[in-house]
Amino acid sequence: MSYVPNTPAEQQAMLREIGATTIEDLLKPIPADVRLQRPLKLPAALREMDVRRLLVGMAEQNADLDQYISFLGAGSYDHVQPSIVPHLVKRSEFYTSYTPYQPEYSQGMLQATYEFQTLVCQITGMDVANASLYDGSTSVVEAALMAAGPGGRGEVIVSRALDPQYRATLQTYARTRGFTVREIGLEGGITSAKELRDALNKDTKAVIIQHPNFFGALEDVHAIEKIVHETKALFVVTITEPASLGSLEPPGAYGADIVAAEGMSLGSPIGYGGPALGLFATRNEFVRRMPGRIVGKTVDDRGQTGYVLTLQTREQHIRRERATSNICTNQELLAIFTTVYLSALGKQGFSELGSQCIRKSHYAQQAICALPGFSLAFDHPFFDEFAVNCPIPVETLNAELRDRGVIGGYDLSRDYPELPNAALFCVTEARTREDIDTLVTVLEEIVGAAK
Amino acid sequence: MSYVPNTPAEQQAMLREIGATTIEDLLKPIPADVRLQRPLKLPAALREMDVRRLLVGMAEQNADLDQYISFLGAGSYDHVQPSIVPHLVKRSEFYTSYTPYQPEYSQGMLQATYEFQTLVCQITGMDVANASLYDGSTSVVEAALMAAGPGGRGEVIVSRALDPQYRATLQTYARTRGFTVREIGLEGGITSAKELRDALNKDTKAVIIQHPNFFGALEDVHAIEKIVHETKALFVVTITEPASLGSLEPPGAYGADIVAAEGMSLGSPIGYGGPALGLFATRNEFVRRMPGRIVGKTVDDRGQTGYVLTLQTREQHIRRERATSNICTNQELLAIFTTVYLSALGKQGFSELGSQCIRKSHYAQQAICALPGFSLAFDHPFFDEFAVNCPIPVETLNAELRDRGVIGGYDLSRDYPELPNAALFCVTEARTREDIDTLVTVLEEIVGAAK
Amino acid sequence: MSTESLIFEKGAPGRAIPLLPALDVPEKPLDQLIPASYLRAEPAPLPEVSEIEVVRHYTRLSQRNFGVDMGFYPLGSCTMKYNPKINEDMAALPGFARMHPLVDDSLAQGAIKLLYELEQYIAEITGMTRVTLQPAAGAHGEITGLMIIKAYHESRGENQRNVVLIPDGAHGTNPASATLADYVTVELKSDKRGGVDLEHLKTTLAEHEGRIAALMMTNPNTLGLFDENIVEIARRVHEAGGQLYYDGANANAIMGITRPGDMGFDVVHLNLHKTMSTPHGGGGPGAGPIGVAKHLVPFLPGPLPAKDESGYFWEDAGPQSIGRVRAFHGNFLVLVRAYTYIRTNGPDGLRHISDSAVLNANYIMRGVEADYDLPFNRECMHEFVLSADRQKALGVSALDIAKRILDFDVHPPTVYFPLIVHEAMMIEPTETETRETLDSFIALMRQIARETRDEPQTILEAPHFTVVGRLDQTLAARKPDLRWNPSREPATVS
Amino acid sequence: MSTESLIFEKGAPGRAIPLLPALDVPEKPLDQLIPASYLRAEPAPLPEVSEIEVVRHYTRLSQRNFGVDMGFYPLGSCTMKYNPKINEDMAALPGFARMHPLVDDSLAQGAIKLLYELEQYIAEITGMTRVTLQPAAGAHGEITGLMIIKAYHESRGENQRNVVLIPDGAHGTNPASATLADYVTVELKSDKRGGVDLEHLKTTLAEHEGRIAALMMTNPNTLGLFDENIVEIARRVHEAGGQLYYDGANANAIMGITRPGDMGFDVVHLNLHKTMSTPHGGGGPGAGPIGVAKHLVPFLPGPLPAKDESGYFWEDAGPQSIGRVRAFHGNFLVLVRAYTYIRTNGPDGLRHISDSAVLNANYIMRGVEADYDLPFNRECMHEFVLSADRQKALGVSALDIAKRILDFDVHPPTVYFPLIVHEAMMIEPTETETRETLDSFIALMRQIARETRDEPQTILEAPHFTVVGRLDQTLAARKPDLRWNPSREPATVS
Ligand SMILES: Cc1ncc(COP(=O)(O)O)c(C=O)c1O
Ligand SMILES: Cc1ncc(COP(=O)(O)O)c(C=O)c1O
């Protein structure tokens, strides 16, 4: 089907009006030798109901988190989405609008974004935040670039407990941009303070750690901060599980210079990992070096409060090759998801979010580790994820779980050969006690049968 | 959970402000002996996610029409709902508003209703329509009441091929109101013209037929009209399958005085039969006798076009015991579903709707009746439903179909003992050829196995 | 905001949105399938528009409408509370929204269970024995209840009972329903406290001795006042052989506090679109289930949801049933919302709702009483009625005040109802409003009272900021223009 | 419409919406589970609001925003076409929206198949060999493409290539991306026909001999003009050892008509949020997949969707891959929308889209050319650029004209871009607009031209009917107020 309203007859009339006979007349500037001389080789058009049937069929071939009981986290977290969130965000005034370059027509989006920036500051304890970046991994990249400065050289230190996909992404950019990424190792599941101290040098532009880290473990952030700030390097804190901010000390309180985080689990659909939501917050002194769009409050010619895109001279459409970043389209609508979500959860709800995750994950951890053959891989405080050494290979275990409608923990051996049998279980408030008990029963069954 | 925003502390402060101490102080007028001295015996409150789980679980215990291949019609029809329809109708400006008694705040709803009235006229060929009644069956009741007039006595003739539930509803009201309902029999699946002629008498206030009738068969509407209008009785045409108006001659063209129809299949969800949408249209001369709300066009004090509720002196809130009907709340939002649906389908689409139903149902009928043991119950033109005599009891047949994911035709023996083995199959544009072929294959299988 | 033309004035010949699935059976000529004489000569003259036109048109129309989601809506007697979004989501689940009403009970276990339980919840909330969920709205409940009462009297050979007593403050549906049930309406006067005048009740009962079929009333009544004499009223009507019908439009005041059944009512309807917050949808759909006392159970319409060891099923009504009052099972998706709402709130939540609704109403009443007449100055329940008599004397009517309120993103109260109060303004804040909203409404009402004295013209010319100004109702009724007509207004599409 | 305060200024201490499920495991003290030193001292200072407050606030904010669903949005370079609702529905299916990105491939067969096929469709539409769907937007595609180009040159030992040529009309992301890739940008001049100046290209290539890494360009370019010399340009750049990057922001002009691959480009991005109508969401999310020619395939980021006899799976990238450019699989739900759109339109539909987009742009161009300067007067493609130079001479700037347009429920064109046109106004109607809309826009532009002459003040004071007037941008940048702060503005809640 077609969304072109004008009929062939109308198009003919329009052509006539402008002195043309066919649309081909308008395409004259295109040289014949680059014209496509055949139709595109694509499946024929489908009508709405037929396309719906097709897509519904494809969707049914995927495991959705309402049908499977999932304990996967590892960078993507299943939290409850309150009903009002999509009802409000999916109002077409929001999602069919463009970047708010005409503020008089965009006060809704602009004000909501100003609120978003504030909310990000409120949960992270930072001074200032931008209007979003692509995702957590590219937020980390932007943090490194900001730390490296316009020259873009030098070295960035990352913890081996930073999400492997984030490390990979950073490597990709570093290689092109020309800075070095040095990885420091772990000690008992958290970043080695000793290695960090040894690695720091005068070229170190930033130290990037994740908290809670990829294993769910809580880093010794105060100690790290002290070490980092003995140098001129910036202390970058990455968060992939922002629900942790409901309970954990915020990075602003322990001296982070930049928070580069993934925010999609705060109200947006999990959507096979995307669209995601890069959060980026920093201290006031860095505001003019921040990447990405920023909304500011101002007044109009009638004296009313209003909101505009501001500090645009940092951005590519003004500063071009000297911009702080090349980002243009960001993840605005997801920022609105998060804005409505955090507002709705509010002070009590966000705090409860954190504590429910802690309580449920610890309930699960204790039950799992009470099973013969299962034990914590690291004896370290964690938020809602924990690595467990399993008596059989995680791949085998997970295949068995799958057959029973359960999606098991992430197989850490995929990224950490040093952890050949460890599964990373994640338990949020979205899992019920019954879900957890089912997991434990089923694990017992599987391992029993394997003997 | 609770939707009361004010906290206990705030409520205390408010009480103080008005000189009360507790809410009990405000409840003093209620005599102690009628006070409920215990909490209500209801299940304890659930939080949103928990109530969601509960309801999702209950919903999954029902057969939904996307999971089963259904050939049920018999008064409720499964048509395609275009995606834009719910997107537009579910805008909260529409569904969280009340009856538009303050027109300045309700122009959206009022204008859409004016469009609805027009669209109902356009598809039925009638002069004027109201803003909706409860459902098709109560529309028929209102038609009878309107025909009977304020006195409310006399006789109403109905065809035995009028939906049995409609006949039952009419009987209920007639008994209370004090008019007689006389049923006339069938000849080859349609209303007997002879019986009709014999039944008509000076007390006959209305003749009510359904077209297509309950068996899907097309009535000889011109002949009936002539017979009816030889008397003073009003000719009431009932339509339960409004998609038929895409292809069939409209009642306005064959002399109907009132059209009393069910409109929910025009864009509203099928929803286990409700909320439904009573359509009511008539001729200009009856406008001041019409039941229900009506929107009219007018001008405002600035000379602009605007819309208001009008002819309210017919209605209960003005005329009280002398109102034309007791209806107040109607089915407004469903009228908007239909408005958007008919506008979107438009001239071509609505015509295509009718012809697709005809072609698919006839394709199915021919394939089914080609199976040994199956034959048309009546040899009469039909729209998208047809009665088939089956070689085994319909109940047995349907139970077998169910096990194979198919919902079979309606068992006519439930209402028509004279049709002990007839199933009423309905095939709309929402069934694919593959669906139909599956039905035929499965029918063959079942009947083969039964031998 | 600019005006919006009619959908019929949009589009152009030949425009269409191919929304149906592609035809996948042979495209035989229609007249080979159905004789041409049955077919339309021409397609129905519907709009010819593109998708973007439809989307913009109805989006813009929505923006010309005000709902609870936009702001305060203290429309008395209508209980315009917040409509929870979760209820909308539950009603949209395919397992509810995509069910055919005639499927075998084995394929509808979740739905019948829901209705079975909802019936029980409503019975408990109202204090009645059993409930029918068929009625589509309050007025439909009323006529259903009266039909039951009539069948009951007839079953006792008391066919002569033809009088229904209705207080003078009653809603119009009450007398209209009585007429529809072929009853004669007799009006009961209100006394000075705003309740049923007991003396008048007595004399009326005496006057119509042997012919009393029923009394219909709300309690709290339409003044928002609880009639303390309810037990005596009930006793007297029962003694006179009448039945008591409870119009539940005001049930938001009483959940968990008192029950119509305990007050002595024999039939009760609830407007679920009010009390249980299934949204009002711009005028509907609602649901008006009725509960009845034990002696009336045999007369209920059927079928009713039932349960045995093998599961849930629809049970046909018995021989005394009045029969169906509509096709199928009631406004099912509305009932799903009500069920969700009751489960979400639970017993304490429902009680808290009523408590809070009462508090909010009293709070506003006390905030505005200095500036407006309060004909019945005592504790109100969930709503109260002011009179603008004082303002009227200065040339400003209740209608004018309503129009002025429109200037402030607030929906006006119900005006000119109940009929027994001059220049009535009926204010029902509901429990879902914040204290800030109540305070700003009080401030607004006071401001308008001031304006009445200081600058009445501002009020008389209101509203100033709405998409249209005051509309000519007389013209609309005198020259009814009830549909668009191509001949009168050609769709001028270039 | 009145103003709307911030969410932080609403609510009251203690208000909360208990949205999470009830806790069903033992409620142990947190510090028994995690040492207190890791925990927050205080809850995050988030709003304390009720559900109705949140709903009303964001509903009202939405009403203070303009989108394609409200009206015409001819914002050049942005392709603000109608966003089909079916695409939104498909992206909301639980089988897509509720998928974890790390599930085993066996549990993601539908998703991987969709991405596998979408990759093929994009390859076919652009004329490239393979595609990565990872980039989140156009600019992300650009940097990804440049990283690939860089890796390619390095694989051939040509590390010295560090110059990227960019036409002077290019979008800001192009040079910004080049910098990010550690390249030096050299600007190419446009010639009188609005295309790349061939002479300048030649001299620039010569000047930077051996150091040319790439040329980035759009075609049609940002003037909406198709550069007829594209084959020669490509040949010359290739001869100089450079690669050609196609910025696909303007691909709505060319689907089924011509393909970047056939023009000689080596890397191409598409902005799916433009061409494929996945909505722009007020600024994002988008998707910027890139396609590459055969020789660049080994450098693509991975993993890529693949297929064998046992089904679909994610295939790791080879040793030459640049590596990931983000976590997970791209903006998946955006890709679902694009897939739906392509399947809905089919090959003929996509071609018809581009044809119609070109027609609509030319139609407006011819309608307004008498009143405004048209710096390049020849057939345009899907958009064109006017200059308000003539109006500027009378004291009315392109910005003023944009502000005046706001008074008519129409979104203004892009202004002041491209930089090479004075007082530029870039108009892109898209294919989804009716002739009536185009005609009324032409009439509006003419009216404004008239007003410029007759009543410039009306324009200079515009907008008149928006919720806010012109905003003080200078103040915003000079004294940045980028977040609400309790100390500065206490939430005055009574
Ligand atoms: C007091 C009263 N009774 C009855 C009704 C009628 O209810 P419904 O509109 O649901 O038919 C109303 C509706 O406004 C009412 O306020
Ligand atoms: C010509 C051109 N190139 C590149 C871009 C950047 O694309 P994106 O915003 O998707 O990053 C744009 C966006 O407006 C554009 O118009």
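Quick caveat: nothing in here was measured; it's all calculated off a predicted structure. Naming convention: chains lettered A, B, ... in sequence-line order (proteins, then strands); numbering from 1 in each chain.
- Annotation: A/H317 is not in aromatic contact with D/F417 [ring centroid separation under 6.0 Å not met].
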Inset, instruction - Go through the steps for D/Y121 and D/Y339 under the test ring pair (Phe, Tyr, Trp, His ring centres under 6.0 Å), then give the verdict. - result: CA-CA 9 Å; D/Y121 303 160; D/Y339 180 92; 5.6 Å; yes
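- If you measure heavy-atom distances from D/K150 to chain A, the contacts under 4.5 Å come from the side chain alone.
- Highest contact tally toward chain A, considering only D/S277, D/P35, D/G67, is held by D/G67 [criterion: heavy-atom pairs under 4.5 Å].
- For a residue to count as touching a neighbouring chain, one of its non-hydrogen atoms must lie under 4.5 Å from one of that chain's; by this rule A/V80 touches chain D with the side chain only.
- D/S356 and A/Q11 share a side-chain donor-acceptor pair at under 3.5 Å.
- Summarising the geometry, atom CZ belonging to D/F96 is positioned 11.0 Å from atom OH belonging to A/Y272; distances are rounded to the nearest 0.5 Å.
- Proximity to chain A (any heavy atom under 4.5 Å) is shown, for D/L225, by neither the backbone nor the side chain.
- Proximity to chain D (any heavy atom under 4.5 Å) is shown, for A/L248, by both the backbone and the side chain.
- For the set D/N65, D/V49, D/L61, the entry with the most heavy-atom pairs within less than 4.5 Å of chain A is D/N65.
- Contact of D/V103 with chain A is made through backbone and side chain together, with heavy-atom distances under 4.5 Å.
- If you tally non-hydrogen atom pairs under 4.5 Å between each of D/L93, D/T432, D/N271, D/L180 and chain A, the highest count goes to D/L180.
- Residue A/R402 touches chain D through its side chain alone, counting heavy-atom pairs closer than 4.5 Å.
- Your options are D/D355, D/V468, D/T466, and the one with the most heavy-atom pairs under 4.5 Å with chain A is D/V468.
- Looking at A/S76, both its backbone and its side chain come within 4.5 Å of chain D, counting heavy atoms on both sides.
- The part of A/E17 that comes within reach of chain D is its side chain, from C-beta onward, which places non-hydrogen atoms under 4.5 angstrom from that chain.
- Residue contact with chain A, scored on non-hydrogen atoms closer than 4.5 Å, involves the backbone and the side chain of D/M263 alike.
- No other option in A/Q348, A/K41, A/E429 has as many heavy-atom pairs under 4.5 Å with chain D as A/K41.
- Side-chain contact check for A/Q107 and A/Q111: no donor-acceptor pair (N or O, by modelled atom type) lies under 3.5 Å.
- For D/F66 and D/Y73, the ring centers are positioned less than 6.0 Å apart.
- With a threshold of 4.5 angstrom between heavy atoms, D/N83 approaches chain A through side-chain atoms but not through N, CA, C or O.
- Proximity to chain A is limited to the side chain of D/M80, based on heavy atoms less than 4.5 angstrom apart.
- The pair D/E431-D/K81 meets the salt-bridge criterion, with a side-chain N (NZ, NE, NH1 or NH2) lying under 4.0 Å from an Asp/Glu carboxylate O.
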